[in-house]
Structure formats: C-alpha cells, structure tokens
Amino acid sequence: MAELAQVVVDVPTMQTNQPYTYLVPAPLEKQLQVGMRVAVPFGNGHRQVQGFVVGFSEHANYDGELKPIAAVMDLQPVVNTELLDLSKWLADTTYSFWISCLYTMLPNMLKSKTQRFVQVVDEVDEQTYFDLFGGKDECDLAELQGDPAKVKQLLKLQRAKKVEIDYRVTDRAHAKTVTGITPLLNFEQLEDARTSLHPNAHAQNRLLSYLQSIVGQTVKQTTAEQQAQLRAATFNQGAKKGWLKKVPVEVYRNPYAQPIDDDHLEQPLPLNPDQERVVQAVDQAIDGQWSQTFLLQGVTGSGKTEVYLQTIARALDKGQTALMLVPEISLTPQIVNRVRRRFGSQVAVLHSGLSNGERYDEWRRINSGDARVVVGARSAVFAPLDNIGVIILDEEHETSYKQDDMPRYHAREVAKWRSRFHHAPLILGSATPSLESRARALKGVYQLLRLPHRVNQQPLPPIEVVDMRPEVQRRGESNFSTKLLEELDRRLQRHEQSILMLNRRGFSSFMMCRDCGEVLKCPNCDISLTLHLDTRTMKCHYCGHEEPIPQVCPNCHSRHIRYYGTGTEKVEQELHQLLPAARIIRMDVDTTRRKGMHEKLLRQFGHQQADILLGTQMIAKGLDFPNVTLVGVLNADTGLGLPDFRASEHTFDLLSQVSGRAGRANKQGQVIIQTFNPGHYAIKDAQAHDYERFFRHEMELRHQAGYPPYYYTVRLMASHPEEAQAARAMTSIHQQLVANLAPSTIILGPTPRAIARMKRRYYYQIVIKYKYDPHLHDLLQQILQETQRKEFKDVQVSIDPDPQYFM
Ligand code: ADP
Ligand code: ZN
Ligand code: ZN
C-alpha cells in the first residue's frame, strides 16, 4: 500500500486544524519528508494551495477519493521536528489555526504566493482573445482585476465555460547569488597554457598563475579581481579560452553596518561578586541540563547584559547554541554590536528592520548551523537553533512579547516550552518584573536571582516629581514646568546632555471645536484622528485613514477649532522658543521610519551633536550615554486613565526604565517627572525606586479586583460590519459558556469594546476570569472551530488567552 501524507493546508476562508490526507505520487516518495512544504489540489476545480507535510500514514481519515500531492516545494524540511511539535502546541494553547502557527515560525520569504491564471479552454472570438489574453492561452488574473470592463468580459466567458481559473503556488524564496569563478584545468594544464602565451600578454599570464593558486576552489569574481589585480574583461577572456568557468555562488545578504573581525573579539569583563553568584547559578543549570527558569531582577545598569553574555559563552563552550530575546524597541545597534563584538560572525540578528531577503538569509544561517547565537525580537523565539544551551528573555515584563494577532502567543511561554524541550535554563531578566513572574518567583516556581546594585556604584538618580496643576494655573498651558526648564538650561551651560520623554500611551493630539465640542473622528473607526504636522494631515492610527486638517468645524462651521494634546513635534517647537540655543534631536515613529535613521540619530546624539534627545517611549530603554545627566518625563500619567488593569504597572515600569538612562557613567544623574497625579502610588513608588512596595500595593489591588496573577483571563471578541451581527454572535457564545463552565468562573459581557468600531467593523467582547476550569480549554477550541462554519459567515471571532489589556 502506498504511503499517504498528512498535510496541513492553507485555506484562509475555511480553517481547520485537522490535516488532510493526500496520495504521495511514486516519483515523490523518496524525497518527501515531514516538515516540507507542498502544493496540493484543494476543493473542486483547479485550485492549488500550499500546505505542510506533518506526518505519514497508511490509512486515510477520509472516505472519498484521495488526490495526489501536486509538487514538493523544498529540498529539505523547513520545519524540524521540534518546531513541528511546538506549532501543534501553539495552535492548541493559543486557540489558533495550525497553519498560522507554522507560518509565524518561518521567514516571510517562505510564505509562498498563490497566483491565479485564467486559462482559455474553449474557442473564443479573436477580438476577445487579443483584448484579454494578448494572444496567449493564459494570463495572470491579478493583471485583469484592475479593469472592470475586462472582469465583466471574463465572467461572461467563465459562465460559458470557455475559461477556467487555475491556482498555482509559486515559491518566493530566492537565495541571493553572485558570480564565482572556478578553474577548469589542473595545475599542469594551466602551466602549459602559460608557457605558450605571447610574452606581452601580461594580464593573461597573471590570470593563469592566479588560477593555479585556486585549483579546486570557487572564488567570488569580485574577490578574484581584487586578489589577482585584474579586470573583469580578463576573466571573460579566460572563460572563452576554456581556462575557467563562471558559476553562481550563494551568498548571504549582510544586514550589518559594521564589519566584525572574528580574530579580535572583546573579552568578558571580570565579574563583581553579585554577578559572579548569578552566573554560577545559571552555569550550573547549563552544565546539569536543567530546564530551570530563573528570574533575574536587577536594577538598570546592574550588569545584567554582561551576565547574559557570559552564560551564552558557557553554552557555546559546551558546543551548544544560545537564544537571546529583547523587545523590538530595545534592539538597538548598541546592544546588537555588544553581542557581535563578543561572539563575532556566529551571531545572527532578527528584527523588523531587516528586508525579507536579509531575514531569510539570517534564518538560513541559523538553520544550517552557521549562526550559533541568535539575538532577536519576539518572533526570534522560533529561530531554528539546534541543541540550545541557554535561553534569555530580557525585559521580560514588556508587553511587546505578546503578539496581538493570531497566533496570540507570548514569547515567554514559547521560551519555556523550548527550555523544557532542550533541557536548557531560561533567564527572565528585568529591573521591574511583571507581577506574574515575580509572584511565581515568590512561590518558588522560578528561581529568583538579584543584582541589587549598579555596577558603577552610583546610586540610582534622585527623582523629583513636579505637580503640573499649579504650574498650568500660574503660567498657562505649557509642556514645561519652571523647574524642568531651569535644569535643562543648567545642562546647556555645563555642556551635559538631557533626554526628554513624551509618554504617548493613551495619548494623542486630537482636534476639538471650542464652540460645539465636536472631535474629529475617523470615518471607519470609533477613535479620534491624530494631528500630524509633518504631512499637515489628520491620520487614524488604526486604519491609516488620512484627511487634510480642517479650517472650520465640520459640525457647526465655527472657526474656533483647536488642537488638544501634544505631539513630539509641538513639544519640539515650544522647546525651540523657550531654549533657542538648544540643539534638539527628535525621535519618534515619524523621524525613524526610514531605514537606518534610528541608528543615525542615536549616533549623532552619542557624538554630542545635540544637547537634548526628545522622544517617545522608544528612548526609554537600553540607551547608555555617559554624558546624559538629566532625564525629564513630560507627562507621566497619561497612561493611568486607560481602561487597562495593567495601567499602573506600565506607568511604574516606564518611569523606572527612563530614570535608568541618567547618570550611567561617573556623573551624578537627575530625573524630573511632571504629572497631574503626584499622589498616585505608581508615581510615588517609582520616585522612591521601590519595586517591592509597588509590587505589594499592586498585588493587593489585583487580588481585590480579581485580576492576574490571581485569576487567569481569556478574552473573546467578535466583529462584524453590522453591530447587531457582532452582538448576536457574542450572545450565542455567551450562552454556550454559561451552560458549560464551572460555577466559580466569572464571565463578563458581552459588551462593546472600549474602541467599539475599528476599520469599519463593530467589536463585542467577553472576558472570562477563572482559577481552574477543566472544561474551558476544550470548549474554546470547539467554539473556534464552529466559527469557521457557514452560519458565522463574515463574523470574525478571536480568542485571546491572557490578554495584555481589555481595551
Ligand atoms: P544592565 O543590562 O543591567 O542595564 P549592563 O550590563 O548594560 O547593565 O551594565 C551597565 C554598564 O556596566 C555597561 O557599560 C557595562 O559594560 C558595565 N559593566 C557590566 N558589568 C561590569 C563588570 N563586571 N565590570 C565592569 N563594568 C561592567
Ligand atoms: Zn463645532
Ligand atoms: Zn480609522
């Protein structure tokens, strides 16, 4: 009996986690392996889709006629057995479709595109033949779709069964190649050719002796030209004479601005006693192959990164590999270069700034074993490293480790899974651990390690809180208190630098009419538009809608229309007026959108080309500038008003992080926090650098309100262009939940979401809070599968385990 393949297919409109059975055609039998991508027919007609082979079997789980696999798209599996297991677990625990988990693990280049071709299958008249198909027998449907007249014609032909749509899967992955040269003759033959040359043929003479030096090798032509001091033309002559052959050589695209010299790597620093203790504990786990999770709690500047680097070195010494995750926002050139200077070219970096091609090449370097250390943001947790010795997750409290779209995974949980699989320790590092992690450490689930002091023995900088209420009453609306201005001015006199942060959380500059109170909102979303001075437009940050800044109120036509709130640009303008001598660098999404700008602005600031670095949250983390002695937070509390149970925690974290940017070298630092809520515990505890007090206070409140870490939570959401449909879907799900869940489980909703309408769809949500509910998981899986059925047409339902917020 022929073997059958189990294939997880990619059919967006009708998802299921059940693999489909396909016949393996005889010619493919030898080459097909689990973890390879295949093109398979699906449904009726000629449609082809991509899938992943997840197993082989002798029996089908289907009674109908089986179809054969159409093509194999890989020479080697792209998903190894570990990652295949992981993808299955991910689909199950995050209520996701298996196929979306598999795709999430792979670089974009491996997500192949389906192209649709229109094929002529019966006679059509000449005019049409020419108009639609340009005289050929098929054309790409995408090219026709822009033209309504042609589409109409096409539909007519389709009804007459004169054309058919053919779906084909095309692979997008291309390895980059350059021209290489390889000698075609052996040493003696080359020598013969050389002696029979005309005495004046110096270039050819040099080419032949160069070829003699590389017999049996292939060298990139550009390298060969340099080494032999010859021009391309000479190599062309050599190829014509049959001395050499030109061949494509696969190369990796190089995403690094700075070259790295593997012969001159940086040495590890001698550790202080605190660091020593931490490294010993982790090394013991590496050596013993324990999948222990450590929570490394160390204040900013306490030398956590040095600890990471030395545990990575330990794993490498043992012939193992290492994975280091950092939040995208702190994946700065500073940190990347630090790791590369220590470990050289065996480091691969994965982040969102890479082009698809660069990302694919880094992935291949990891997959082939060339790269043994991976540094990357969230999705790098799926890097195909083999034999992992240690996993590090820095800034473990960062919400960016949780993905917002399916699969809604948390990198911390995936890291734990891989730590168990590889019998390798996991280090969760933070100055301000998440409540969940710290609570687990208290229970002994994680082992707590501490670095309580800064390496340079400097105390943490004193923090001054400025109450903005009297300021605004006294001086009118301004972004700057008298105190902050004085201190900024003092830094200018002393030629020291300052960092200013504008907290964008829960904050935007919107437009309001002073006469009727109208707020300019997005026509597609239930949210106010944000003013952008650079493009002179109002933009929606959710759907991208953009319109010109209005001169009059669209509601009452009053001209008393004004801007509320503050963007970094407005702050920059005000600062120019208040401190005309100051040189300012502004860093926000607008000034760093272009590739390389982030790095460039930081370099300028590092080279003292500006006095003030003004930015959003993106400057709060990871930066290490010795000449910065003042950090100012313009608005500490805007995030506190958000309907988010983690609002206080985020505010505390952010203030602690940004305070850590001051006084990192031998100069004393100072921090000024401006706020309208000086009495709030998150601000007072941050001011006192007192994580413990904050932790106790916040745990108490979470306990009272029934939030994590006391309860687990799940959020279900349904959306539809019509509000009633979204509400109805949620009501029916609600009934199912009530009938099946444990009495101790709390079900909140259904209610409209805080942002009730987004991208022309209405959102309804249910929040489930539970401690232990044996039926919950299976019930949610069942609900997820049901939502793919026809009755749910156009209603999109998502299930988010452990959501970051309920907004
Ligand atoms: P963290 O990651 O906790 O913020 P870092 O590892 O970046 O701390 O350390 C802060 C500074 O102290 C860095 O400039 C680093 O080079 C330096 N440093 C760390 N460990 C040592 C050490 N053992 N001896 C000397 N300098 C150190
Ligand atoms: Zn108005
Ligand atoms: Zn919108």
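Order of appearance sets the numbers: ligands from 1, and atoms from 1 within every ligand. Numbering of residues begins at 1 and proceeds along the displayed sequence.
- Under a 4.0 Å heavy-atom criterion, R338 is in contact with ligand 1.
- Short contacts between ligand 1 and L271, defined as distances under 4.0 Å to a heavy atom of the residue, involve ligand atoms 23 (N).
- At a heavy-atom distance under 4.0 Å, no atom of R454 approaches ligand 1.
- Near P270, the atoms of ligand 1 lying under 4.0 angstrom from a non-hydrogen atom of the residue are 22 (C), 23 (N), 24 (N).
- Within a 6.0 Å radius of NZ in K684, other residues, nucleotides and ligands contribute 12 heavy atoms or fewer.
- Counting heavy atoms closer than 4.0 Å to ligand 1, residue T305 contributes atoms from both its backbone and its side chain.
- Taking 4.0 Å as the cut-off between side-chain N and carboxylate O, R450 and E692 count as a salt-bridged pair.
- Electrostatic pairing of K402 and D800 counts as a salt bridge here, judged by a charged N lying under 4.0 Å from a carboxylate O.
- Those atoms of ligand 1 that come under 4.0 Å of a heavy atom in G303, given as number and element, are 1 (P), 3 (O), 5 (P), 6 (O), 8 (O), 9 (O), 19 (C).
- In the displayed structure, Y712 atom OH is contacted under 6.0 Å by at most 12 heavy atoms of other residues, nucleotides or ligands.
- Checking each of N627, I612, L630, L613 against Q497 for a side chain to side chain contact (heavy atoms under 4.5 Å, CB included) leaves exactly one that passes, namely N627.
- The side chain to side chain contact (heavy atoms under 4.5 Å, CB included) test applied to S302 returns V299, K304, L451, not counting sequence neighbours.
- Between L269 and ligand 1, a contact under 3.5 Å exists for no N or O pair.
- Any N or O atom pair closer than 3.5 Å counts here, and T300 shares no such pair with ligand 1.
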